[in-house]
Amino acid sequence: MPTPTPLISAEQIQARVGELATALAHRIPDGEPPHLIGVLKGGFMFLADLVRALPRPVTVDFARLASYGTGTTSSGEVQLLTAPHPVRDRHVVVVEDIVDTGLTLERLRRHLLADRPRSLTTVALLDKPSRRRSDVTIDLVGFTVEADRFVVGYGLDLDQHHRQLPYIAVLDPS
């Protein structure tokens with residue numbers, strides 16, 4: 001198993017989550033709770049921290065999509081394994097751990113937009129534009145991973161390993 005090397009500290013993550021929560025709160029009209037949809041499995045820690053940092057009530061749901069399996073490279077085919085509940089006329093916020101190829105976010109956005117939400121905002125903790133295969137929009141980004149590096153921690157994994165790390169790390173080849 002490759003050794004993780006810290007890239008973004010737990011303190012940096014928590015500070016940025018607070019900033020993202022503030023920016024997100026300004027996008028949704030007062031009195032209307034945002035409906036957050038966490039993308040499983042990697043986004044659960046980010047979603048939980050974002051919910052706690054938001055200064056208003058929210059509703060939460062989840063979506064589960066797959067394109068990686070047990071490897072480090074996307075297959076390019078995204079399957080919607082668990083769809084969220086209907087979102088018609090709601091202010092929807094998709095909460096992603098990382099946008100890599102963009103194919104997962106594109107697939108989920110298409111699914112949600114077909115149900116005609118009042119608004120749709122995307123928030124990603126990490127953006128890795130070097131691997132983008134889809135011209136998908138990310139409204140709020142925590143951090144950009146400049147190089148094509150495989151990252152783990154804070155919910156992200158490699159074959160179910162390293163999710164528990166409180167920080168983001170790069171896996172060095174072994």
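Reckoned from all heavy atoms, side chains included, excluding hydrogens, waters and symmetry mates. All of these numbers come straight from a predicted model, not from anything done at the bench.
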task: Output, in order, the C-alpha distance, side-chain angles, deciding distance and verdict of side-chain contact (heavy atoms from CB on, under 4.5 Å) for Glu96 and Thr104.
output: CA-CA 9 Å; Glu96 265 277 30; Thr104 299; 3.7 Å; yes

message: I'd like to know whether Thr144 forms a side-chain contact (heavy atoms from CB on, under 4.5 Å) with Glu146, so could you lay out the CA-CA distance, the side-chain angles of the two residues, the decisive distance to 0.1 Å, and finally the verdict.
response: CA-CA 6 Å; Thr144 300; Glu146 295 297 337; 3.5 Å; yes

- request: List the steps, then state whether side-chain contact (heavy atoms from CB on, under 4.5 Å) holds for Val94 with Val123.
  value: CA-CA 6 Å; Val94 173; Val123 181; over 6 Å; no

- request: Could you please spell out the steps behind the side-chain contact (heavy atoms from CB on, under 4.5 Å) verdict for Leu120 and Arg109?
  value: CA-CA 8 Å; Leu120 180 60; Arg109 281 180 51 84; 3.6 Å; yes

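No more than 12 heavy atoms of other residues, nucleotides or ligands shown are found within 6.0 angstrom of CG on Asp135. Remark: His85 NE2 is loosely packed, at most 12 non-hydrogen atoms of other residues, nucleotides or ligands lying under 6.0 Å away.
Contact detail for Ala83 and His111: the closest heavy-atom pair is CB-NE2, 3.8 Å. Among all heavy-atom pairs drawn from Val93 and Pro34, the shortest one is CG2-CB, 4.1 Å. For the pair Val92 and Pro117, the tightest heavy-atom approach, listed with the atom from each and the gap, is CG2-CB, 3.7 Å. Closest approach of Leu81 and Ala66 over heavy atoms only: CD1-CB, 3.6 Å. What you find for Val151 and Leu126 is that their closest heavy atoms are CG2-CD1, 3.8 Å. Closest non-hydrogen pair, Ala63 versus Pro84, comes out as CB-CD, 3.8 Å.
Partners of Asp115 according to the side chain to side chain donor-acceptor pair (under 3.5 Å) rule, which considers only residues two or more places apart in sequence or in another chain, do not exist here.
In this structure, Asp127 CG and Asp100 CG are separated by 9.0 Å, a value rounded to the nearest 0.5 Å. Distance check: Leu40 CG to Thr82 OG1 gives 7.5 Å after rounding to the nearest 0.5 Å. If you take CG on Leu50 and CG on Leu125, they are separated by 9.5 Å, rounding to the nearest 0.5 Å. Atom OG1 of residue Thr121 and atom CD1 of residue Ile138 lie 13.0 Å apart, to the nearest 0.5 angstrom. The CZ atom of Phe46 sits 6.5 Å away from the OH atom of Tyr154 when rounded to the nearest 0.5 Å. The CD atom of Glu32 sits 14.0 Å away from atom NE2 of His35, with the distance rounded to the nearest 0.5 Å.
Arg132 places a side-chain N or O within 3.5 Å of a backbone atom of Val99 that can act as its donor or acceptor partner. Without hydrogens or angle criteria, Lys128 side chain to Arg149 main chain gives a donor-acceptor distance under 3.5 Å. Between the Thr101 side chain and the Leu103 main chain, a donor and an acceptor come within less than 3.5 Å of each other. Distance alone, capped at 3.5 Å, places no donor-acceptor pair between the Arg118 side chain and the Arg90 backbone.
Side-chain N/O atoms of Thr122 and Asp139 include a donor and acceptor closer than 3.5 Å. Counting only N and O atoms by type, the side chains of His162 and Asp157 include no donor and acceptor under 3.5 Å apart.
In terms of hydrophobic clustering, with Ile, Leu, Val, Met, Phe, Trp and Tyr side chains grouped at heavy-atom distances under 4.5 Å, Phe62 and Leu65 are assigned to different clusters. Hydrophobic clustering (side-chain heavy atoms under 4.5 Å, transitive across Ile, Leu, Val, Met, Phe, Trp, Tyr) keeps Leu158 apart from Leu7.
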Quiz: residues 12-28 side-chain donor-acceptor pairs under 3.5 angstrom, not counting sequence neighbours:
{"from": "Gln12", "atom 1": "OE1", "to": "Ser9", "atom 2": "N", "distance (Å)": "2.7"}
{"from": "Gln12", "atom 1": "OE1", "to": "Ser9", "atom 2": "OG", "distance (Å)": "3.2"}
{"from": "Gln14", "atom 1": "NE2", "to": "Asp49", "atom 2": "OD2", "distance (Å)": "2.8"}
{"from": "Arg16", "atom 1": "NE", "to": "Gly142", "atom 2": "O", "distance (Å)": "2.9"}
{"from": "Arg16", "atom 1": "NH1", "to": "Glu19", "atom 2": "OE1", "distance (Å)": "2.9"}
{"from": "Arg16", "atom 1": "NH2", "to": "Val141", "atom 2": "O", "distance (Å)": "2.7"}
{"from": "Thr22", "atom 1": "OG1", "to": "Gly18", "atom 2": "O", "distance (Å)": "3.1"}

